[in-house]
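Predicted, not measured: the structure shown is a model, and the values here were computed from it.
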Amino acid sequence: MIPHDAPARPRSRWRRLLPSTARTRIIAWMLLLVLAALGVVTFVTWRLLVSATNARMDEALRFEVEEFTELTAPGINPRTGEPFTTVDEVIREAIAYNIARPNEKFLGYIDGRYRAQSRQEPGFPEVLARDARFTERVGSIDAPVEGRYQHRDVGEVRYLAIPVSLQGDPARGVIVAAYLGDAERASANTAARLMLLVGAVTMLGAAGAAWLVAGRILRPLRDVVDTARTITDTDLSRRIPSSGEGDELDALVDTINGMLDRVETGVTAQRRFIDDVGHELRTPITIVRGHLEVLDPFDPADVESTVALVDDELDRMNRMVADLLLLARAEHPAFLQPTCVDVGALTTEVFEKLAKLADREFTLDATAGVVAVLDPQRITQALVALADNACRHTKAGDRIGLGSALADGCLRFWVSDSGPGVDEADRARIFERFARGSAGEERSDGAGLGLAIVRAIANAHGGDVLLDSAPGRGATFTVVIPAVMEGQWPAS
């Protein structure tokens with residue numbers, strides 16, 4: 001395992017070159033991908049244009065050869081109608097007859113020397129006519145030759161040379177159709193540069209738009225950071241605002257907020273448990289310490305009474321801690337173990353247990369004939385606590401009633417008594433921890449946690465505890481929980 005104080009490993013060099021924020025990294029990677037795609041598209045488009053241009057030049061050269069052949073094959077000068085007399089005449093007429101396209105040239109050679117070329121475009125240099133190496137290459141051929149020539153000024157030249165001869169004339173001529181390849185492909189290069197320029201402008205616009213969009217998308221993450229910075233061990237109430245769009249980031253926000261809810265609930269329960277323990281155990285500890293300080297070890301009666309008092313206080317502290325632990329566990333999801341229960345049979349079983357609880361007149365008021373999903377042990381615990389509370393506030397022979405019923409989609413378990421009832425001032429606080437009612441002649445010696453436990457059990461079932469009472473006419477405590485039938489309890 002890595003110790004907590006171990007130094008962080010340095011980032012690799014390529015990671016240090018990346019932007020330091022998620023937003024800029026997203027933009028950088030997006031622009032890198034767009035740039036790569038733009039480069040591939042531009043390169044492929046440029047190659048297709050170049051390939052199409054090369055094919056067009058080669059096709060044009062072959063077409064010019066066919067025209068030369070058609071012109072010279074009859075041996076008649078189409079301009080005068082007379083037979084050709086010299087090779088020079090054939091070359092000059094062939095060159096004059098064919099109109100050169102842009103970047104295309106027709107040249108004529110006789111006996112290895114330059115003789116003529118097609119009319120020049122304005123400003124077009126006579127680069128091939130004055131090139132001795134090119135003249136040497138094509139001026140004296142005796143068979144058709146197709147090739148490429150690299151000129152130092154105009155770049156690649158694609159040419160097709162055809163030998164020309166005429167019966168009766170010993171001179172040997174050559175007609176050359178040539179294309180300035182680099183000049184012809186300039187339009188393809190211009191298109192590629194234009195694509196790169198437009199792509200660069202588009203990338204800048206896309207970068208600006210992506211910056212805004214990434215900021216919007218990553219805002220929940222910034223909210224997470226901001227909220228986490230404001231959460232302290234004394235304030236866990238802050239939550240991350242949700243966009244409500246239902247996307248992955250919204251799910252992340254909901255998950256983190258749920259985690260914060262659970263953390264806050266756990267911390268709150270822990271604090272309350274600690275506060276309650278510290279508050280309530282202080283009194284019995286003080287009592288025990290006070291009696292031990294004045295104990296006379298040589299007086300058997302004093303020792304006996306002090307030991308009895310200490311033992312009683314320890315029992316009370318033990319019950320108090322057990323009740324507090326139960327309340328703390330009530331907020332845990334595993335507090336309940338629900339199962340299908342015959343509510344009527346459960347009510348009867350609880351009644352049989354309570355019948356011997358005290359010298360009271362216990363009555364079974366009603367039973368609900370329904371099967372529902374609940375935790376029978378917790379419901380029994382709640383009813384026993386209510387019955388014990390009723391016993392504490394009634395006298396021998398007083399009536400205590402127990403019953404259950406199904407009404408309005410809810411199960412109702414109640415314990416009623418004929419005791420003094422609950423004062424109006426006490427009704428709002430008797431369900432709080434360590435609260436005790438003031439009615440009745442006999443004060444409870446409990447810790448004041450019984451009704452808090454009953455409410456915790458009811459709340460864990462999704463219900464609550466209701467009180468119907470008035471001074472002098474008894475009290476009825478009713479545990480009301482939703483009537484959940486088999487198959488309706490949510491999976492844990």
Heavy-atom distance under 4.5 Å between the side chains of [X] and [Y], does that happen here?
{"X": "Val157", "Y": "Val154", "answer": "yes"}
{"X": "Leu32", "Y": "Val34", "answer": "no"}
{"X": "Ile481", "Y": "Val479", "answer": "yes"}
{"X": "Trp414", "Y": "Leu466", "answer": "no"}
{"X": "Tyr179", "Y": "Leu61", "answer": "yes"}

Report summary line: d(Leu180 CG, Leu128 CG) to nearest 0.5 Å is 6.0 Å

Query raised in the report: Parallel, tilted or perpendicular: which describes the rings of Phe134 and Tyr159, with under 30° parallel and over 60° perpendicular?
Result: perpendicular

Query - Aromatic ring pairing Phe43/Trp46, orientation class (parallel under 30°, perpendicular over 60°, tilted between) - result: tilted

Between [X] and [Y], is there a donor-acceptor pair closer than 3.5 Å when you use the side chain of the first and the backbone of the second?
{"X": "Thr367", "Y": "Gly344", "result": "no"}
{"X": "Thr380", "Y": "Pro376", "result": "yes"}
{"X": "His461", "Y": "Asp375", "result": "yes"}
{"X": "Thr42", "Y": "Ala192", "result": "no"}
{"X": "Asn257", "Y": "Arg239", "result": "no"}
{"X": "Glu264", "Y": "Leu260", "result": "no"}

In terms of side-chain geometry, is the basic nitrogen of [X] or [Y] positioned less than 4.0 Å from the acidic oxygen of its partner?
{"X": "Glu104", "Y": "Arg158", "answer": "no"}
{"X": "Asp88", "Y": "Arg92", "answer": "yes"}
{"X": "Asp131", "Y": "Arg152", "answer": "no"}
{"X": "Glu59", "Y": "Arg62", "answer": "yes"}
{"X": "Arg172", "Y": "Asp142", "answer": "no"}

**Report entry** By side chain to side chain donor-acceptor pair (under 3.5 Å) - contacts of Gln377 (at least two apart)
**Finding:**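 So Gln377 forms no side chain to side chain donor-acceptor pair (under 3.5 Å) with any residue.
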
Query raised in the report: Can a donor-acceptor pair be found between the side chains of Tyr114 and Arg130 at a distance below 3.5 Å?
Result: no

Query - Intermediate values then yes/no, side-chain contact (heavy atoms from CB on, under 4.5 Å), Gln117 and Ile95 - result: CA-CA 7 Å; Gln117 70 174 5; Ile95 292 176; 5.6 Å; no

Query raised in the report: When Ile457 is tested against each of Ile453, Asn459, Val454 for side chain to side chain contact (heavy atoms under 4.5 Å, CB included), which residue passes?
Result: Ile453

Query - side chain to side chain contact (heavy atoms under 4.5 Å, CB included), paired with Ile379, selected from Val343, Leu336, Leu374 - result: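 Only one option passes, and that is Leu374.
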
